[in-house]
2 protein chains.
Amino acid sequence: MQTEDEERRVRVSLKDVAELAGVSVKTVSNVVNKYQHVTPATREKVQRAIDDLDYRPNLTARHLRKGRTGIIALALPELGNPYFAELAGAVIDAAGEHDYTVLLDHTQGSRERELLVTQGFRARVIDGLILNPLELEAEDLAARTDTAPLVLIGERRYDLPYDHIAIDNIAAARTAVSHLLDRGRRRIAFLGARGDRASQPAHLRLLGWRTELAARGVPADETLVAPVEGWDRADGAAAMAALLDAGHRPDAVFAYNDLIAIGAMRVMSERGLRVPEDVAVVGFDDLTEGRYGAVTLTTVAPDKQAIARLAVESIVGRLEEPKTPGGADGSDPGGRARHGDAGPAGDGAGNGEGGAENGEGAVVPRQLQPGFTLVERESTLGRSPAH
Amino acid sequence: MQTEDEERRVRVSLKDVAELAGVSVKTVSNVVNKYQHVTPATREKVQRAIDDLDYRPNLTARHLRKGRTGIIALALPELGNPYFAELAGAVIDAAGEHDYTVLLDHTQGSRERELLVTQGFRARVIDGLILNPLELEAEDLAARTDTAPLVLIGERRYDLPYDHIAIDNIAAARTAVSHLLDRGRRRIAFLGARGDRASQPAHLRLLGWRTELAARGVPADETLVAPVEGWDRADGAAAMAALLDAGHRPDAVFAYNDLIAIGAMRVMSERGLRVPEDVAVVGFDDLTEGRYGAVTLTTVAPDKQAIARLAVESIVGRLEEPKTPGGADGSDPGGRARHGDAGPAGDGAGNGEGGAENGEGAVVPRQLQPGFTLVERESTLGRSPAH
DNA sequence: TCCGTCTTGTATAACGTTGGAAACACGGGG
DNA sequence: CCCCGTGTTTCCAACGTTATACAAGACGGA
């Protein structure tokens, strides 16, 4: 041990490589960055030195100089919820395809933590942020000072100049309810109402429930709308128990998500109600978990891969926007000092033309809607679909 | 709008603050870093300027200067497995307590990706790495050149100078089997054998199964050891189906993990076997999911919080090691860093004296064993324990 | 009064990288 | 043989921060 050799070096910088290769630091930098005007001989010489020393660029320094890290932050409410865990996996994969790495945080649905995250995470080292807000208010987002691109996912909608990615919740809920109606169910409960915030996602699904019932001429029995305290299995169980305790006897349940549905089914099973004979159940999220209960769960399946892909592409797109479209080479005229243009004019809307790029500031926010499908299951026990 | 004022400035640096306050850059830095020798008057003056400009330190520059990023990478096999998702959440929380942020990647159990991760992730921006390897070989790890601290978690053991954190799998498995024996079961199947790699974690649990049976004088029927292809529900279902198809009739099942147990229970329920009357089941991991099936699942619960905490503390400890212990520069007199107390000596080898630091290179690897408990459930439907 | 000592603040040099411009080879045409 | 254009490489500065060394006062004791 104690070899003075490359093994021992704690940190290899461009300078070390340059010394070994007998060239200047910038030349090494040029090779690393694939700058075109480098002699093949020089390039090879440098490359060999790079390999010998196992040089890898220090991204912190590069970031300080260029303003990019190659890291995207992803902030989700909770990883314990399989939906978010699966979504996180999808985002990591999608980011990887663009050579981005994902910094992950969970907010526990706390407004404070969500706020913290929007203000530059813990570390101001990220190129962009994908956030699934639960409690955050529009004013919190409006007050955001960080300039990294932000894209929102999930059902909450804000009237703010940020890209937003969410499936059409009303249509999805209607599909679920329609499915139950098609099977002759009429007393369809909705599990997962939450009164506190009008823009809450549950509101949209409840709206879908009401809309579809109305469209089909079935009176909506509002006593069958059960509130929940949270979004986990226990909350579904509690809601279902409350419903039954109050004397209601629905013949179907549409749950805000699969976890609530699973909790509800558990209560029904305890009370001797058979699923689906006595009560048909439809959930939301298409968790793998739902496929392996005593009864497999029919569910609305948002396209998680699409959500992840769109979110990542939104960030990447925003990052590349300022670039001149035709600037194929590396010269990048006027490249640096991007600061000062990112701030949108603010209030006044004014996103008239939908031109591909209108280089002049004015970010045009996009509302993207990935698809969803209704996955109907009849106790089929298949292989776990790879995903 | 268009105010030239603080609003408009996209980036405020120490220099700007220094100019406004009429002091030097370093003085501002001193105030920001709470350096003690600053006159109250100066401090206040600077603080006012900081507030006026809404200055926030550029962490990238700070990291470049200090050589730390505050980011720990966490590489897990798969986020789709709730165990890993819950573990990831615990790691994020534990890291947060030390002001670290977590960069997350999943390796899909691919040796190639695991290798990639050990070699400095995609980005050289991490202070340390927590890795749960599945396929990685000892030689891969031995060839590692990256110098960031690495800690291994999970059941695979390597004889290498890295901290390793895993519960005592043999003891845990014995506890599970003992529990079943106590209830009069004698034909206890083991679901989750995998022949391919001797050091595979499943081997340890299988060993525990054999050991406990032997200790209790119950002959081990090796035909009740069912192999699996993977670690998910479908694999458990397939294994159980194969077992039953072969004509075996176990009166109990000890599954390698909860997912396999859930898959197995699903098959049993399809075939009219009652749990636990006909077949008692014990799983491993204590997934929330296991609490809400038709039958709640008794399971071995590794202390995920402890695993996460120990892993993070290992990294943080290694990072702070080089520091001089007595350097009480005022703030925080050595208070933090509890590392190094929890672990029993593990095997024989090495760590003779408990000397705090032996600064001379020579890293002493630690084998840490968080605890576990057997969680026995009798169809209790409680609230989801917060976590 | 003078000189150490202690306190407080400043100037300067890094950290590792890249952009811009200047410098330097190398041939070919005049 | 010189000069100039082209293509390649080097030099210098800067990104924003903190460490080090040092200067400037304040203060007390001899």
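A, B, ... follow the sequence lines: proteins, then strands. Residue 1 opens every chain. Just so you know, these numbers use all the heavy atoms, side chains as well, and skip hydrogens, waters and symmetry mates.
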Distance test, side-chain N/O of B:Ser29 to OP1/OP2 of D:dT17, below 4.0 Å: no
Sugar-phosphate, base or nothing in reach of A:Val32, heavy atoms under 4.0 Å: nothing
Contact nearer the 5' end of DNA chain C, comparing B:Tyr35 with B:Lys66: B:Tyr35
Length of the line joining B:His37:NE2 and D:dT20:P, which is rounded to integer Å: 15 Å
Pair B:His164 + B:Tyr162: ring centers closer than 6.0 Å: no
Candidate nucleotides C:dT17, D:dT8, D:dT10, ranked by approach to the side chain of A:Thr39 - the nearest: D:dT8
Residue B:Leu64, side-chain heavy atoms: nucleotide from C:dG16, D:dT17, C:dT18 that is nearest: C:dG16
base_contact_polar (C:dG19 base, A:Lys26 side chain, donor-acceptor, <3.5 Å): yes
Proximal nucleotide (of D:dT10, C:dG9, D:dT18) relative to the A:Val23 side chain: D:dT10
Separation of C:dG9 C1' from B:Arg43 CZ (nearest whole Å): 13 Å
Nucleotide D:dA14, atom P - distance to CG of B:Leu14 in whole Å: 17 Å
Test log, rule side chain to side chain contact (heavy atoms under 4.5 Å, CB included), inputs A:His98 and A:Val312: CA-CA 8 Å; A:His98 292 270; A:Val312 170; 3.8 Å; yes
Polar side chain donor-acceptor pair, B:His63 to A:Thr60, under 3.5 angstrom: no
For atom CG of B:Asn30 and atom P of C:dT8, their distance in whole Å: 11 Å
For atom CD of A:Glu19 and atom P of D:dT10, their distance in whole Å: 13 Å
Side chains of B:Asn30 and B:His37, donor plus acceptor under 3.5 Å: no
Position toward the 5' end of DNA chain C (nearest nucleotide), B:Thr42 or A:Arg62: B:Thr42
B:Ser24 side chain near C:dG9 phosphate (N/O to OP1/OP2, under 4.0 Å): no
Any donor-acceptor pair under 3.5 Å from B:Thr39 side chain to B:Ala41 backbone: no
hbond_proxy B:Arg65 side chain to C:dA14 base (donor-acceptor, 3.5 Å cutoff): yes
Atom pair distance, as rounded to whole Å: CD in A:Glu44 and P in D:dT9: 13 Å
Separation of atom NE2 in B:His63 from atom C1' in D:dT17, rounded to whole Å: 11 Å
Distance, rounded to the nearest Å, where B:Lys15 contributes NZ and C:dT10 contributes C1': 16 Å
